[in-house]
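Structure first, commentary second.
Small disclaimer: the values here were computed from a predicted structure and weren't measured. Convention: sequence-line order gives letters A, B, ...; per-chain numbering from 1.
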Amino acid sequence: MTALDEIKIGGLGASRRRVEDNRFIRGKGTYIDDIVLPGMLHMEILRSPVAHARIRSIDTSKAWEIPGVRLVLTGDMMATRNLAWMPTLSYDTQAVLATDKVRFQGQEVACVIADDPYIAKDACEAIVVDYEPLPAIVNPTQAMAPDAPLIRDDKENQADNIAFHWQVGDKEGTDRAFAEADVISKISLHYPRSHPSPIECCGSIADFDRATGKLTVYLTTQAPHIVRAAVAMVAELPEHMIRIVSPDIGGGFGNKVPVYPGYVMSILASILLERPVKWIEDRTGNLISTGFGRDVYLDGELALRRDGRILAVRMHTTSDHGAFFGDAQPSKFKIGLMHSAFSCYDIPYAYLSATGVYTNKAPGGVAYRCSFRVTEAMFFQERMIEAAASDLGMDPAELRRINLVRDDDFPHRTAWGFLTDSGQYGRCLDVALEAIGYEEFRRQQAQAREAGRLLGIGISTMTEPLGAGNSREYDILGIKMFDSAELRVHLTGRAILRTGARTQGQGHETTWAQIVAHELGIPADDVLVEEGDTDTAPFGMGTYASRSTPVAGAAVAMAARKVRAKARKLAAHLLEVSEEDVEWELGRFHVRGAPDRGVTIQECAMAAYANMPDGLEPGLEASAYYDPPNLTWPFACYVVTVEVDPETGVWDVLNVVAVDDCGVRINPMVVEGQIMGGLTEAYAMASMQFITFDAEGNCIGSNFMDYLLPTAWETPGFELHEVVTPCPHHPIGAKGVGECATVGGPAAFVNAVLDALKPFGVRNIDMPLLPDRVHEAISRRRDVSGAPPVRTD
Amino acid sequence: MSPLFEEIIEEPASADVPTRRVAITVNGQRRVAEVEPRLLLAHLLRQGFKLTGTHLGCDTTNCGACTVLVDGKAIKSCTMLAVQADGHEVTTVEGLASMSELSPIQEGFKDEHGLQCGFCTPGMMLSATAMLAENPNPTEEDVRWALSGNLCRCTGYQNIVKAVLWAAAKMRGEEPSHEGAA
Ligand code: FES
Ligand code: FES
């Protein structure tokens with residue numbers, strides 16, 4: 001009996017080709033818009049053209065006259081069913097259809113349900129809305145001005161435009177450390193508003209069946225069970241009569257976590273009309289109304305000793321949440337995990353205060369390819385480190401090395417209270433600097449400068465908290481953030497696995513089967529993975545914040561281990577020995593001391609249905625709910641080199657090196673795919689991708705002509721390296737990875753460009769580093785801020 | 001000549017909406033439909049002919065998810081009216097494989113992990129197919145340029161480029177290498 005080759009059966013560490021690809025490359029995926037139900041109607045939404053206005057009247061009579069129109073809904077009609085407003089995931093409320101005012105451009109004002117989408121669109125155009133314009137507030141400075149118009153006059157006890165104040169850390173200790181510092185390094189930054197923009201927009205198909213009382217909703221959601229809970233609570237429908245199905249998802253990146261008004265309207269329309277109602281958002285609707293990311297201002301300070309040791313960090317953030325506080329994040333943390341900043345550095349004192357404001361912009365504040373505000377946290381951290389290096393006149397790599405947590409300091413408690421548990425930070429930095437040729441590049445840079453050429457190198461090192469939760473601290477709307485898996489092994493040894501997560505391109509159908517292969521020796525090809533249908537999947541919190549592998553992946557391993565424990569009893573029975581005398585090897589049990597006498601896992605599976613011992617329950621299946629003891633803490637070091645053209649401000653990326661330590665890699669090919677995707681978003685953020693507004697609150701960036709996304713042409717190539725420090729508390733040693741590069745990457749690009757601009761005394765340019773901003777910095781020899789001008793009128 | 005079959009789009013609008021009959025050869029099959037003149041080719045393919053592999057990701061001819069071949073040229077079917085395709089040959093992603101045999105470009109995308117969510121993939125593969133028909137021996141730069149009308153939010157493009165180079169090698173009869181692009 002030769003031992004099973006784990007790689008051959010598609011186990012841990014195999015770059016197994018993806019099973020979901022088989023349908024995608026044939027055009028046979030089933031995305032939301034591909035689903036057609038008998039008798040299905042189509043919904044279109046009329047959106048507000050203005051950012052802030054009182055609604056005087058809405059006249060829908062012309063729309064009703066168009067042949068093929070079945071229903072026109074307005075806020076007043078929603079209100080009669082108590083559905084004009086709905087809760088957000090941050091304990092605020094959000095309008096489903098506007099009743100009193102519109103509070104951002106693109107807000108939902110009415111919707112039409114018709115026989116086809118063309119008619120529905122025509123009818124939307126026939127609706128006449130009379131708006132009484134109000135002044136628009138488009139940034140925190142305006143929002144906090146004493147005479148600012150009140151945006152949320154719908155809320156009792158809301159006298160200003162402040163959504164929250166929040167603080168964390170040791171204020172006194174931090175103040176003391178600052179008083180004793182040799183050098184205080186300060187910087188103010190803006191992380192601009194951005195949009196996740198998966199290529200597939202959002203959509204829903206609601207199908208209410210009066211005969212059975214069952215509501216089925218097909219929905220572009222990363223978290224079907226949360227939606228089921230929300231629908232049960234908002235629409236007051238019995239939870240067991242609600243089925244949420246998340247079909248193939250054309251990318252999510254946080255955009256498909258919230259519950260959007262369009263979903264709710266399609267559900268109500270289906271209940272009223274007793275026919276399936278499909279809503280497919282268009283791109284402009286997606287960009288101007290659904291969950292954005294970022295839009296945070298920072299005032300940051302580091303207290304430093306002259307030798308480079310960081311004594312304390314102080315941060316104040318001001319975040320722009322738009323018209324409704326619609327962040328998707330654990331309820332305890334108002335500005336997400338901003339206080340995970342500086343977790344990779346050994347810093348004794350830290351204090352963070354945060355203010356969130358309402359503005360007349362789209363709501364959201366979703367975790368765009370990141371854990372709850374971690375992208376902003378790590379960007380601010382690495383820009384503050386870079387500024388400190390320049391204030392101290394130190395090499396930025398050296399400053400990082402001095403302050404990074406050392407390998408033997410784990411577990412390490414950060415000043416803000418997180419517990420990091422593992423890593424080889426110094427080693428990752430070494431690997432990255434070696435790969436990019438740091439010393440050599442510095443020499444070339446000096447030579448180039450003499451010749452008038454501007455080369456720059458930027459570093460970003462960071463660890464981030466991935467895989468919410470543990471249930472003590474992490475919840476969404478009070479529901480604790482665990483996850484689940486259910487594994488059924490059939491009698492021929494083939495298996496079906498279901499989890500509470502939902503893949504949107506991460507490849508769960510491939511990688512979850514690999515975990516089963518690793519735990520049970522059942523070839524991955526023999527394991528079917530299903531997710532996304534709340535009628536069949538066990539309850540889980542979904543896929544975002546890189547939590548699938550840390551939480552659902554762990555649940556898969558634990559479910560498989562339960563199956564193995566039962567299989568051991570069956571093996572003992574088949575081998576006619578006691579359980580203690582049975583030993584496990586991959587895919588097989590054998591008698592202790594007699595390796596030739598064994599039974600395979602497949603033989604155990606058959607016995608579970610055909611030959612079980614007396615007293616043993618038939619069947620071979622198990623479910624596991626996994627509540628992680630801690631977050632996982634991957635580490636990454638990204639290094640970027642650039643050349644800036646001093647004449648035009650255009651910058652070209654020369655090299656990108658990424659060293660990721662995400663613990664054990666289930667499928668290295670998939671992990672690398674995630675890292676490259678993340679690096680591209682980092683480059684996008686640094687170079688071109690942002691959403692801004694004019695003074696009237698018009699969204700500049702409402703389509704892909706104005707909202708720039710990098711194509712294959714601009715996107716640089718990437719060189720990837722790995723270091724592996726297994727996660728000590730994860731069953732297979734894995735850590736989250738999907739977002740690391742998006743989180744840590746932007747600072748590396750920005751630091752590189754600013755390094756190139758050192759000779760001009762430029763310390764900061766806010767993202768995106770558009771050529772005109774870079775050019776302005778060079779020609780005027782000054783910083784360029786993306787922050788809005790302070791109002792002087 | 002009799003058509004392979006007649007297919008008339010269900011006509012939901014009132015009788016005074018003008019329609020026109022179009023005949024388009026889609027993936028080698030002649031298909032006939034009665035369409036409103038304003039109907040987009042993408043919508044005819046998806047809703048009319050039930051070829052849902054052609055995706056829509058924007059309204060402004062930017063994303064390329066809707067790319068199909070019209071007489072061998074890659075075009076964005078969201079920006080072409082169905083009536084403009086009358087009498088032409090259209091290839092969609094469903095026409096790339098012949099029976100169970102994948103085309104090299106499909107194989108390359110799977111082998112080089114050139115897709116994640118898969119939403120951009122049909123458009124990417126068709127743009128690549130059109131390019132390889134003209135340029136069987138492309139450089140990495142050629143590929144990046146040829147695909148610059150197609151957006152992908154998942155992959156970062158590097159593996160897509162590798163996938164296309166893999167397919168190019170295979171179509172030239174060479175052993176596709178796994179170190180295609182840098
Ligand atoms: S749908 Fe985006 S280019 Fe056609
Ligand atoms: S694979 Fe998701 S957009 Fe390209």
Side-chain angles (χ1 to χ4, degrees), chain A residues 15 17-18 20-31 33-34 36 67-68 114-116 118-119 196-201 248-253 280 282-284 504-507 669-670 672-681 703-705 709-715 717-719, chain B residues 10 12-14 36 38-39 43 46-47 50-63 65 92-94 96-97 102 105-107 109-111 113-122 125 140 143-161 181-182:
Chain A
S15 282
R17 296 304 185 261
R18 301 195 330 160
E20 40 272 85
D21 292 359
N22 294 333
R23 60 179 187 276
F24 293 151
I25 56 176
R26 290 176 170 86
K28 297 290 185 196
T30 306
Y31 302 92
D33 197 19
D34 303 341
V36 176
D115 288 349
D116 77 42
Y118 283 50
I119 298 173
S197 300
I199 300 295
E200 179 199 43
C201 296
D248 285 329
I249 301 285
F253 317 115
I280 301 296
D282 60 20
R283 176 55 60 187
T284 296
Q504 318 123 40
Q506 294 89 341
M669 175 190 84
V670 167
E672 289 183 4
Q674 291 287 311
I675 294 168
M676 289 190 280
L679 286 168
T680 305
E681 306 234 16
N703 56 60
F704 283 163
M705 287 185 286
L709 306 178
T711 72
W713 184 247
E714 297 86 27
T715 304
F718 309 115
E719 181 185 326
Chain B
E10 211 192 309
S14 67
E36 276 187 50
R38 63 173 175 167
L39 186 73
H43 290 155
R46 287 182 50 80
Q47 277 106 48
K50 313 272 185 275
L51 295 169
T52 52
T54 300
H55 298 151
L56 290 162
C58 70
D59 324 303
T60 49
T61 327
N62 290 92
C63 77
T92 69
V93 62
E94 290 89 347
L96 278 181
L102 292 176
I105 199 82
Q106 288 170 305
E107 283 184 275
F109 268 71
K110 178 167 178 183
D111 204 65
H113 189 30
L115 63 151
Q116 291 181 22
C117 77
F119 203 75
C120 71
T121 312
M125 293 194 302
E140 174 180 345
V143 176
R144 284 185 180 270
W145 184 246
L147 298 181
S148 63
N150 294 74
L151 293 171
C152 175
R153 294 291 282 163
C154 299
T155 63
Y157 303 106
Q158 187 152 315
N159 281 350
I160 292 180
V161 174

Please flag which part of A:Glu681 lies under 4.5 Å from any non-hydrogen atom of chain B: side chain, backbone, both or neither.
-> side chain

Minimum heavy-atom separation for B:Arg144 to A:Thr715, with atom names?
-> NH1-O, 3.0 Å

Pairs of heavy atoms under 4.5 Å with chain B: top-ranked of A:Gly250, A:Gly678, A:Ser15 | A:Gly250

May I have the step-by-step check of side-chain contact (heavy atoms from CB on, under 4.5 Å) for A:Asp116 and B:Gln47, ending in yes or no?
-> CA-CA 10 Å; A:Asp116 77 42; B:Gln47 277 106 48; over 6 Å; no

Pick from B:Leu102, B:Leu56, B:Leu96 with the largest number of heavy-atom pairs that fall under 4.5 Å of chain A = B:Leu102

Between A:Gln506, A:Arg23, A:Met705, which shows the greatest number of heavy-atom pairs under 4.5 Å with chain B?
-> A:Met705

Close side-chain approach of B:Asn159 to A:Glu672, heavy-atom, < 4.5 Å = no

Largest heavy-atom contact set with chain A, pairs under 4.5 Å, which of B:Pro122, B:Gly57, B:Gly149, B:Cys117 = B:Cys117

Nearest-0.5 Å distance that lies between atom CG in A:Asn703 and atom CG in B:Asn62 = 7.0 Å

Say whether, by atom type as modelled, one donor and one acceptor occur between the side chain of A:Arg283 and the main chain of B:Asp59 under 3.5 angstrom.
-> no

Validation row: B:Leu151, A:Thr711 side chains within 4.5 angstrom (heavy atoms) = yes

When heavy-atom pairs shorter than 4.5 Å are enumerated against chain B, which of A:Asn22, A:Thr680, A:Leu709 gives the highest number?
-> A:Leu709

Which region of B:Ile160, side chain (C-beta onward) or backbone (N, CA, C, O), has a non-hydrogen atom less than 4.5 Å from a non-hydrogen atom of chain A, or is it both or neither?
-> neither

Residue from B:Glu94, B:Gln106, B:Glu107 scoring the most non-hydrogen pairs under 4.5 Å with chain A is B:Gln106

Side chain, backbone, both or neither: which part of A:Ser197 has a heavy atom under 4.5 Å from chain B?
-> both

Are the side chains of B:Cys63 and A:Phe704 in touch, meaning some heavy atoms are under 4.5 Å apart?
-> yes

A:Ile25 versus B:Lys110, closest heavy-atom pair with distance = CD1-CB, 4.3 Å

B:Ala97 versus chain A, heavy atoms under 4.5 Å apart: side chain, backbone, both or neither?
-> neither

Could you tell me which portion of A:Val36 (side chain, backbone, both or neither) has an atom closer than 4.5 angstrom to a non-hydrogen atom of chain B?
-> neither

Straight-line distance of A:Trp713 CH2 to B:Leu147 CG, nearest 0.5 Å = 11.5 Å

Any side-chain heavy-atom pair of B:Cys154 and A:Phe253 under 4.5 Å = yes

When A:Gly251, A:Gly27, A:Gly252, A:Gly29 are compared by non-hydrogen pairs under 4.5 Å with chain B, the top option | A:Gly27

Structural part of A:Glu200 lying under 4.5 Å from a heavy atom of chain B | both

A:Thr284 versus chain B, the contacting section by heavy-atom distance below 4.5 Å = both

With a 4.5 angstrom heavy-atom cut-off, which part of A:Asp33 approaches chain B: side chain, backbone, both or neither?
-> both

Separation between CD1 of A:Ile119 and CD of B:Glu36, rounded to the nearest 0.5 Å | 7.5 Å

Is any side-chain heavy atom of B:His55 closer than 4.5 Å to a side-chain heavy atom of A:Ile199?
-> no

Side chain from CB out, backbone as N, CA, C, O: work out which of these in A:Ile249 comes under 4.5 Å of a heavy atom of chain B, or both, or neither.
-> backbone

Is there a side-chain contact between B:Tyr157 and A:Met676, using heavy atoms and a 4.5 Å cut-off?
-> no

Most chain B-contacting option - heavy-atom pairs closer than 4.5 Å, from A:Met669, A:Glu20, A:Gln504 = A:Met669

Non-hydrogen atoms of chain A under 4.5 Å away: do they reach the side chain of B:Leu115, the backbone, both or neither?
-> both

Nearest-0.5 Å distance that lies between atom CD in A:Gln674 and atom NE2 in B:His113 = 7.0 Å

Rounded to the nearest 0.5 Å, how far does CG of B:Leu39 lie from OH of A:Tyr118?
-> 4.5 Å

Heavy-atom side-chain contact between B:Val93 and A:Arg26 under 4.5 Å = no

Who wins among B:Thr121, B:Thr54, B:Val143, B:Thr60 for the most heavy-atom pairs under 4.5 Å with chain A?
-> B:Thr60

Under the 3.5 angstrom rule, does the side chain of B:Gln158 hit a backbone N or O of A:Phe718 as a donor-acceptor pair?
-> yes

